[in-house]
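Values below: every heavy atom of this structure, side chains too, minus hydrogens, waters and symmetry copies.
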Amino acid sequence: MTKPEIISSLLTRQDTWRGRSRRLPRQTLSTGHQSLDLLLQGGWPAAALTELLPQQMGIGELSLLLPVIREHGSHSHLCLWLDLPYQPYAPALSAAGIALNKLLVVRSKNAREWLWAAEQSIRSGALLLAWARPQAPSYADLRKLQLAAADSSSAAFLFSPVKALATPSPVTLRLELESQEVNQLLLSVRKMRGVAAGMQLQLSLGESYKQRT
């Protein structure tokens, strides 16, 4: 690749700051929830890593992503689930319109294998849903995944324990998730460009998205 081509490639990336020049339109994927799309200024970042931090597992964090998983699979694209902490319930996924033949569950043996699988998934154009291992990924590891998403214009999602909020993260979007009622999620913005941290949204997932773990 020549130098002009390299420069042109860098300028078209969503995470490149261009001084006073006008920013490129932000690429987004609809969340399937109108109120959440409004909060996120269009939807999930399409060329970035999003971090979701539930206060405890199984409160509906996976159900939150069912619309984007369904849409991704409808175009014959693969969705990779890395180190899912529980067994997915196929009948519920099928009832939600998820193409089961487009889901791939991967288990890693160590942190190095986890990072390799996550990066390769993103760069291949698959929709990545990754769960952090007990040994949390480092800032440098997450930065690597963030850059891979920006380079390939792929959306990727990382589920982390809420204690991860105590450390900085290079991800584009960070949302803390809390549930006090079944099928109800309280979403709190912890990091998002152009939105003040602390903004909240009470979201109803509906009966059709009830999570079974």
Side-chain angles (χ1 to χ4, degrees), residues 1-2 5-16 24-32 40 42-53 61-90 93-94 96-133 135-160 164 169-175:
M1 183 178 290
T2 65
E5 290 174 332
I6 293 174
I7 293 173
S8 177
S9 176
L10 289 173
L11 290 177
T12 58
R13 287 171 45 140
Q14 294 294 306
D15 60 346
T16 298
L24 293 173
R26 183 169 174 266
Q27 299 175 13
T28 59
L29 299 172
S30 175
T31 66
L40 300 182
W44 301 116
L49 180 62
T50 292
E51 189 174 18
L52 303 176
L53 305 106
E61 67 276 8
L62 185 56
S63 298
L64 182 64
L65 296 180
L66 287 182
V68 73
I69 296 172
R70 180 175 59 240
E71 177 66 19
H72 197 78
S74 69
H75 296 289
S76 298
H77 297 315
L78 186 68
C79 179
L80 188 143
W81 295 4
L82 178 59
D83 283 0
L84 180 71
Y86 38 74
Q87 183 67 28
Y89 187 60
L93 294 174
S94 181
I98 305 299
L100 300 182
N101 63 332
K102 295 302 176 182
L103 299 183
L104 177 62
V105 177
V106 175
R107 309 287 184 186
S108 66
K109 297 179 181 178
N110 51 54
R112 182 177 179 181
E113 191 171 283
W114 181 93
L115 179 61
W116 181 88
E119 184 178 7
Q120 295 306 309
S121 171
I122 293 172
R123 293 194 180 279
S124 70
L127 179 67
L128 173 68
L129 276 63
W131 281 259
R133 296 177 58 84
Q135 179 185 353
S138 67
Y139 187 97
D141 289 343
L142 294 182
R143 178 64 176 164
K144 197 172 191 178
L145 298 183
Q146 171 69 28
L147 291 175
D151 287 341
S152 58
S153 296
S154 298
F157 297 88
L158 171 67
F159 294 96
S160 299
S169 174
V171 302
T172 297
L173 172 65
R174 268 185 141 180
L175 290 180

Scan residues 110-121 for pairs that pass side chain to side chain donor-acceptor pair (under 3.5 Å), counting only residues two or more places apart or in two chains.
->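 Side chain to side chain donor-acceptor pair (under 3.5 Å) check on residues 110-121 returns Glu119-Arg123.
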Set of salt bridge (charged side-chain N to carboxylate O under 4.0 Å, His left out) partners for Arg133, sequence neighbours left out | Asp83
Residues in salt bridge (charged side-chain N to carboxylate O under 4.0 Å, His left out) contact with Lys102, at least two apart in sequence or another chain | none
State the [atom1]-[atom2] distance between [X] and [Y], to the nearest 0.5 angstrom.
X	Y	atom1	atom2	value
Gln146	Tyr139	CD	OH	9.0 Å
Leu80	Leu104	CG	CG	4.5 Å
Leu53	Phe159	CG	CZ	10.0 Å
Leu84	Leu62	CG	CG	7.0 Å

Side chains of [X] and [Y], heavy atoms from C-beta outward: is any pair under 4.5 Å?
X	Y	value
Leu128	Phe157	no
Thr31	Leu65	no
Val171	Thr50	no
Ile69	Leu127	yes

If I compare all heavy atoms of [X] with all of [Y], which pair ends up nearest, and what's the gap?
X	Y	answer
Ala96	Arg70	O-NH1, 2.8 Å
Gly125	Ser154	CA-OG, 3.7 Å
Leu129	Cys79	CD1-SG, 3.9 Å
Ser169	Glu51	OG-OE1, 3.3 Å
Leu64	Pro67	O-CD, 3.7 Å
Gly73	Ala99	O-CB, 4.3 Å

With side chain to side chain contact (heavy atoms under 4.5 Å, CB included) as the test, would you mind laying out the steps for Leu49 and Thr172 before giving the verdict?
-> CA-CA 6 Å; Leu49 180 62; Thr172 297; 6.0 Å; no
Under the side-chain contact (heavy atoms from CB on, under 4.5 Å) test, residues paired with Ser153 that sit two or more places apart | Gln27, Ala47
Got a sec, which residues hit side-chain contact (heavy atoms from CB on, under 4.5 Å) with Leu93, two or more places apart in sequence or on another chain?
-> Leu66, Trp81, Pro88, Ile98, Leu100, Leu103
Verify side chain to side chain contact (heavy atoms under 4.5 Å, CB included) between His72 and Leu78, making sure each step is shown before the conclusion.
-> CA-CA 7 Å; His72 197 78; Leu78 186 68; 6.0 Å; no
What residues, two or more places apart in sequence or in another chain, satisfy side chain to side chain donor-acceptor pair (under 3.5 Å) together with Glu71?
->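 With sequence neighbours excluded, Glu71 shows a side chain to side chain donor-acceptor pair (under 3.5 Å) to His75, given in chain and number order.
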Start with the C-alpha gap between Leu173 and Leu40, add the side-chain angles, then the distance that decides, and say whether side chain to side chain contact (heavy atoms under 4.5 Å, CB included) holds.
-> CA-CA 9 Å; Leu173 172 65; Leu40 300 182; 4.0 Å; yes
Output yes when a side-chain donor or acceptor of Ser152 lies under 3.5 Å from a complementary backbone atom of Ile122, and no otherwise.
-> yes
Verify side chain to side chain contact (heavy atoms under 4.5 Å, CB included) between Leu158 and Trp131, making sure each step is shown before the conclusion.
-> CA-CA 6 Å; Leu158 171 67; Trp131 281 259; over 6 Å; no
